[in-house]
Protein chains: 2
Amino acid sequence: MINKISTEKCKSSIKALEDAMYVIGGKWTLRVIIAIKDGHTRFNDLQRTIDGISAKVLSGVLKDLEQNGFVKRKVDIGVPVVVEYELLPYAESLQDVLNALVSWGEAHRNKLIKVQEMSIAQP
Amino acid sequence: MINKISTEKCKSSIKALEDAMYVIGGKWTLRVIIAIKDGHTRFNDLQRTIDGISAKVLSGVLKDLEQNGFVKRKVDIGVPVVVEYELLPYAESLQDVLNALVSWGEAHRNKLIKVQEMSIAQP
DNA sequence: CGGGATCCAAACGGATACTG
DNA sequence: CAGTATCCGTTTGGATCCCG
């Protein structure tokens with residue numbers, strides 16, 4: 001057990017991890033952020049862009065994002081009324097997390113493909 | 001829309017992100033990995049360590065981890081039988097993700113504390 | 001000790017309809 | 001367009017008992 005992490009440090013790391021997962025670990029959270037970053041700022045546009053999300057769920061995710069300071073809901077009163085969601089600077093703090101997840105996801109997929117190829121080559 | 005990501009690249013990033021979240025985005029997945037890394041290798045030890053996890057859920061998570069190549073289930077036949085879960089090298093590939101999440105979680109917590117302090121200072 | 005089987009309540013989430 | 005409300009099936013997961 002040479003590598004055992006000191007319990008204190010470990011527990012606080014776990015706490016931080018849980019906080020992070022609680023905020024951004026939802027099934028759709030990061031996808032919505034990415035979609036907004038990608039230029040989709042309107043509700044129905046977002047729903048069309050994010051495949052499989054329902055209005056109810058999207059609505060809930062947007063509320064969470066707003067509450068957590070990632071997104072600002074901007075209402076332009078006019079005819080018709082236009083609602084736009086824009087990313088706040090705080091959303092940029094997620095860049096490292098996003099990069100890490102995407103890189104890992106790509107690597108993982110490549111690993112799966114290799115395993116699959118090998119199992120076909122040697123049945 | 002200067003910053004708009006090319007759609008192709010964006011979509012594959014999202015795919016990678018989804019893959020990653022599917023594998024490690026579960027409520028308990030990363031916590032179990034950390035607990036094993038921390039030296040808890042037995043089933044009941046893990047359940048005692050990871051506060052709030054039930055045997056059923058832990059059992060399911062361990063199976064997933066095994067199937068994804070993070071963990072090896074080792075059975076030592078003896079009296080009594082001892083089952084140990086050990087991390088495989090592939091689990092180390094998560095280090096960047098883990099670090100990013102923990103750092104972000106800590107920063108986020110600090111931000112929340114500041115906001116709270118300010119709202120107390122200026123009611 | 002290391003789980004699997006079962007039961008059950010609560011949460012999640014889709015479909016649809018509806019509103020301003 | 002931008003959601004909300006309602007209904008309702010599905011899934012999740014806790015509690016408990018049980019077994020080798």
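Below, chains carry the letters A, B, ... as their sequence lines are ordered, and counting in each starts from 1. For the numbers below, each heavy atom of this structure counts, side chains included, while hydrogens, waters and symmetry mates do not.
Taking side-chain N and O atoms only, B:K63 has no distance below 4.0 Å to OP1 or OP2 of C:dG2. The side chain of B:R42 places an N or O atom within less than 4.0 Å of a non-bridging phosphate oxygen (OP1 or OP2) of C:dG2.
With rounding to whole Å, B:Q47 atom CD is found 11 Å from C:dC1 atom P. Computed from coordinates, the B:K27 NZ to C:dA10 C1' distance equals 12 Å when rounded to whole Å. Rounded to a whole Å, the CD atom of B:E84 is 14 Å from the P atom of C:dC1. In this structure, CD1 of B:I53 is placed 14 Å from P of C:dG2, rounded to the nearest angstrom.
Using a 30° and 60° split on the angle between ring planes, A:F70 and A:Y90 fall in the parallel class, below 30°.
Two residues are said to be in side-chain contact when any heavy atoms from C-beta on lie closer than 4.5 Å; B:D64 and B:T29 fail this criterion. In this structure, B:L65 and B:Y85 have side chains that are not in contact, with every pair of non-hydrogen atoms separated by 4.5 Å or more. No side-chain heavy atom of B:K37 sits under 4.5 Å from any side-chain heavy atom of B:L94.
In terms of position on DNA chain C, the residue among B:K56 and B:F43 whose nearest nucleotide sits closer to the 5' end is B:F43. Nearest-nucleotide positions on DNA chain C for A:W28 and B:R73 put B:R73 closer to the 5' end.
Read 5' to 3', the first and last nucleotides of DNA chain D with an atom closer than 4.0 Å to a heavy atom of chain A are D:dC1 to D:dC7.
Counting heavy-atom neighbours within 6.0 Å of A:I77 CD1, excluding the residue itself, gives a total of 12 or less.
Between C:dG2, C:dG14, C:dG4, one nucleotide has an atom nearer to the side chain of B:S59 than all others, and that is C:dG4.
For the residue pair B:N110/B:E106, the side-chain donor-acceptor check at 3.5 Å is not satisfied.
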